[in-house]
Amino acid sequence: MASDTLTSSARTDAEISGLDALEIAGRDKEISRGARIWAATWPKLAALTIAILAWQLVVWSGWKPPYSLPGPMEVGRELISQARGPQLWDGLVTTLRRAAVGYVFSAAVGLLLGLAVARSKVLRAAIGSMITALQTMPSIAWFPLAILLFELSEKAIFFVVVLGAAPSIANGVISGVDYVPPLLLRAGRNLGARGLNLYRYVIAPAALPAIVAGLKQGWAFSWRSLMAGELLVVGISQTSLGAQLTYSRDLSDAPWLLSTMIVILVVGLVVDAAFGAADKAIRRRWGVLDQAGN
Amino acid sequence: MTSTTTAPQGATTAVALSGVTKVYGRGTSAVLALDGVSLDVAPGEFVCLVGASGCGKSTLLNLVAGLDRPSGGQIGLAGDTNPGLMFQEPALFPWLTVEGNVEVPLKLRRLPRAERRERVAELLRTVHLADFGRKRPHELSGGMRQRVALARTLALDTPVLLMDEPFGALDAMTRDILHDELERIWSERQLSVLFVTHNVREAARLADRIILLSSRPGRIIYSTEVNIPRPRRIDSPEVAAIAADVTERLRTEVGRHGQ
Ligand SMILES: Nc1ncnc2c1ncn2[C@@H]1O[C@H](COP(=O)(O)OP(=O)(O)OP(=O)(O)O)[C@@H](O)[C@H]1O
Ligand SMILES: [Mg+2]
């Protein structure tokens with residue numbers, strides 16, 4: 001077994017590459033991009049077609065008169081004509097502006113609050129369970145109080161949106177920080193990360209998936225609160241999407257009502273898809289996504 | 001913790017433990033994990049710590065690494081740098097690539113970007129992973145992950161390396177190769193190594209000195225020099241003889257608890 005160091009190191013090198021090749025081999029199987037997109041899209045298209053068909057069947061059955069339940073063709077025509085005029089876009093802009101302002105503010109409050117509670121034992125004992133309690137409160141139940149405090153104004157809506165969204169976001173941050181694997185914390189500390197650096201290099205990235213989940217849930221709550229608010233707090237001059245729902249009902253304009261609902265649904269879906277994509281990207285990076293990609 | 005990390009006298013010891021005690025919990029549920037452990041590691045020495053499961057080996061390494069405070073006694077380190085600690089699991093950051101992981105300690109030491117890149121490439125070459133820098137930890141095998149963890153720990157540039165059963169979960173073939181690698185890196189960089197294992201053969205293969213810890217409380221009960229010339233082979237008769245001796249003493253120790 002006498003071998004000098006040179007040949008022994010060459011041997012090691014070859015063995016290591018050999019083992020690595022074995023261990024890494026046969027992993028990726030490339031599927032074309034078009035095929036992948038199609039695979040993800042066709043079930044959705046099929047479901048949409050079925051839903052529209054079912055709607056049309058209900059209309060044809062004569063269950064309700066066409067002036068209260070119009071068919072998809074009529075609503076589609078209404079949607080197109082709405083899209084040509086300024087009213088829908090004005091409403092969309094108003095609603096999205098409110099959503100963005102309320103959500104960004106909620107995210108800031110939620111992130112700071114969550115971080116503070118996660119860091120401090122006293123704060124956690126004091127308000128940790130209160131945040132969870134706030135989360136269980138249906139946001140629409142806040143409106144009477146909000147209207148008393150701020151009257152029928154944008155401020156009332158903003159108040160309820162923030163109360164709806166911020167606790168979810170804070171809870172996401174808290175659970176994210178709580179569940180950072182202790183092993184990674186120790187590793188980070190051993191590598192020289194202390195104080196703020198530990199947050200930057202270990203805690204924040206490790207908590208990211210939970211934070212994104214909290215942000216997603218916060219969005220869902222703020223979007224619902226906003227719609228409830230716009231339905232209740234009408235009479236403000238701007239014609240938000242929620243106000244348009246109320247007006248169209250007052251005017252018994254069913255096609256307008258349904259086409260507005262479709263717009264609201266689409267906005268919700270688009271934002272949800274954005275969060276879904278972020279979540280998926282993170283999971284892919286972390287390797288917690290299975291090979292099939294879902 | 002200046003009181004427990006004073007530099008040992010002279011440069012004759014890289015790590016010096018004297019009378020180190022560790023108690024977990026308090027009151028009736030207190031566990032005495034380590035009881036008066038005194039131990040010196042000379043610069044450039046490779047020391048293997050062997051003991052039954054639960055005897056306080058990980059506790060000892062965590063104390064030396066400064067991740068926990070001893071309940072009593074002194075821990076001294078040459079220089080003032082923290083020793084690098086390699087955990088039983090790779091403990092890699094899943095959100096970073098292999099390169100990114102190795103780069104973390106360099107970033108924390110505020111090395112300039114160009115130098116960091118150079119060092120990362122060099123370290124990955126050292127552990128034979130030069131072609132895998134862009135991969136993520138989950139794309140690698142267990143042995144490769146441990147090599148990344150080793151590279152990341154080496155990036156600390158500390159003279160003292162603490163290793164907590166780093167190869168415990170690997171197959172024999174991979175482990176043999178990593179023993180060769182570790183021995184090479186240790187002698188090239190003139191590291192002082194405190195290596196924990198419960199594999200007695202592994203200890204005989206690697207160590208200059210083997211130290212046996214008793215269980216509950218952890219105390220040093222036996223210490224032996226291993227004077228087999230290097231490079232060694234894990235299946236050589238000399239290594240087997242040392243391993244047999246240590247195993248015998250370990251059996252006696254474990255048997256003492258059965259009575
Ligand atoms: N955080 C803790 N709190 C309470 N007891 C602990 C804690 N960590 C370790 N112990 C106890 O201290 C003793 C030593 O534990 P340690 O993890 O150091 O053992 P070990 O020698 O590394 O074992 P193994 O070989 O299984 O890794 C054990 O009895 C364990 O139950
Ligand atoms: Mg252990």
Side-chain angles (χ1 to χ4, degrees), chain A residues 1-25 27-28 176 180-198 200-209 211-212 281-291, chain B residues 62 65-68 81-97 101 104-110 127-129 131-132 135-144 147 149 152-153 155-156 158 162 171 173-174 176-181 184 187 230-233 235-236:
Chain A
M1 295 291 155
S3 60
D4 63 27
T5 33
L6 199 99
T7 55
S8 119
S9 109
R11 178 201 65 130
T12 306
D13 219 42
E15 277 174 6
I16 285 184
S17 332
L19 276 180
D20 289 351
L22 279 176
E23 280 159 356
I24 287 290
R27 285 257 175 112
D28 2 62
V180 174
L183 182 66
L184 295 186
L185 284 179
R186 292 185 154 237
R189 279 168 61 201
N190 184 246
L191 297 175
R194 299 283 144 83
L196 218 59
N197 271 337
L198 197 60
R200 177 167 162 212
Y201 285 100
V202 183
I203 297 175
L208 193 62
I211 293 175
V212 169
I282 291 172
R283 286 193 295 151
R284 178 170 300 121
R285 281 182 68 173
W286 283 50
V288 286
L289 208 64
D290 68 30
Q291 226 58 20
Chain B
N62 280 317
L67 294 175
D68 258 323
T81 46
N82 255 356
L85 171 58
M86 225 183 122
F87 300 85
Q88 185 160 4
E89 297 104 286
L92 298 176
F93 301 129
W95 54 88
L96 296 175
T97 59
N101 268 281
V104 167
L106 306 173
K107 274 186 175 163
L108 284 163
R109 279 162 53 206
R110 296 167 185 283
V127 295
H128 300 277
L129 285 175
D131 299 335
F132 297 94
K135 296 264 181 202
R136 294 193 176 272
H138 68 93
E139 296 174 286
L140 305 180
S141 72
M144 295 162 90
R147 270 143 63 197
R152 190 177 66 172
T153 311
L156 278 168
T158 55
L162 310 170
D171 66 276
M173 172 99 177
T174 309
D176 278 0
I177 293 173
L178 290 185
H179 286 159
D180 296 348
E181 286 306 289
R184 177 179 60 81
S187 73
R230 297 176 195 266
R232 302 170 185 163
R233 296 187 53 93
D235 45 15
S236 77

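Note on naming: letters A, B, ... go to the chains in the order of the sequence lines (proteins, then strands), and numbering restarts at 1 for each one. Side-chain atoms are counted along with the backbone in the values below, which use heavy atoms only and exclude waters and symmetry mates. Just so you know, these numbers come straight off a predicted model, no measurement behind them.
- B/Met86 places none of its side-chain heavy atoms less than 4.5 Å from the side chain of A/Asn190.
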Could you give me the CA-CA distance, side-chain angles and deciding distance for A/Val202 and B/Val104, then say whether side-chain contact (heavy atoms from CB on, under 4.5 Å) is met? CA-CA 10 Å; A/Val202 183; B/Val104 167; over 6 Å; no
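- Chosen from B/Leu156, B/Leu92, B/Thr97, the residue pairing most often with chain A at heavy-atom distances under 4.5 Å is B/Leu156.
- Listed by chain and residue number, nothing satisfies the side chain to side chain donor-acceptor pair (under 3.5 Å) test with B/Glu89 (two or more places apart in sequence, or in another chain).
- Contact of A/Arg200 with chain B is not made at all, since no heavy-atom distance falls under 4.5 Å.
- Here the closest non-hydrogen pair linking A/Leu191 and B/Leu108 is O-CD1, 3.5 Å.
- Across all non-hydrogen atoms, the minimal contact from B/Arg136 to A/Arg285 is CD-O, 2.9 Å.
- Under the side chain to side chain contact (heavy atoms under 4.5 Å, CB included) test applied with A/Arg189, the options B/Leu85, B/Asn82, B/Leu67 reduce to a single match, B/Leu67.
- In terms of heavy atoms, B/His138 sits closest to A/Arg284 at NE2-O, 3.7 Å.
- Atom CG of A/Asn197 is separated from atom NZ of B/Lys107 by 11.0 Å, given to the nearest 0.5 angstrom.
- In this structure, chain A has heavy atoms under 4.5 Å from both the backbone and the side chain of B/Arg152.
- Minimum interatomic distance between B/Ala91 and A/Leu184 (heavy atoms only, all atoms of both residues): O-CD2, 3.7 Å.
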What verdict does the side-chain contact (heavy atoms from CB on, under 4.5 Å) test give for B/Trp95 and A/Leu208, after you've listed the backbone C-alpha separation in whole Å, the side-chain angles of each residue and the deciding distance to 0.1 Å? CA-CA 10 Å; B/Trp95 54 88; A/Leu208 193 62; over 6 Å; no
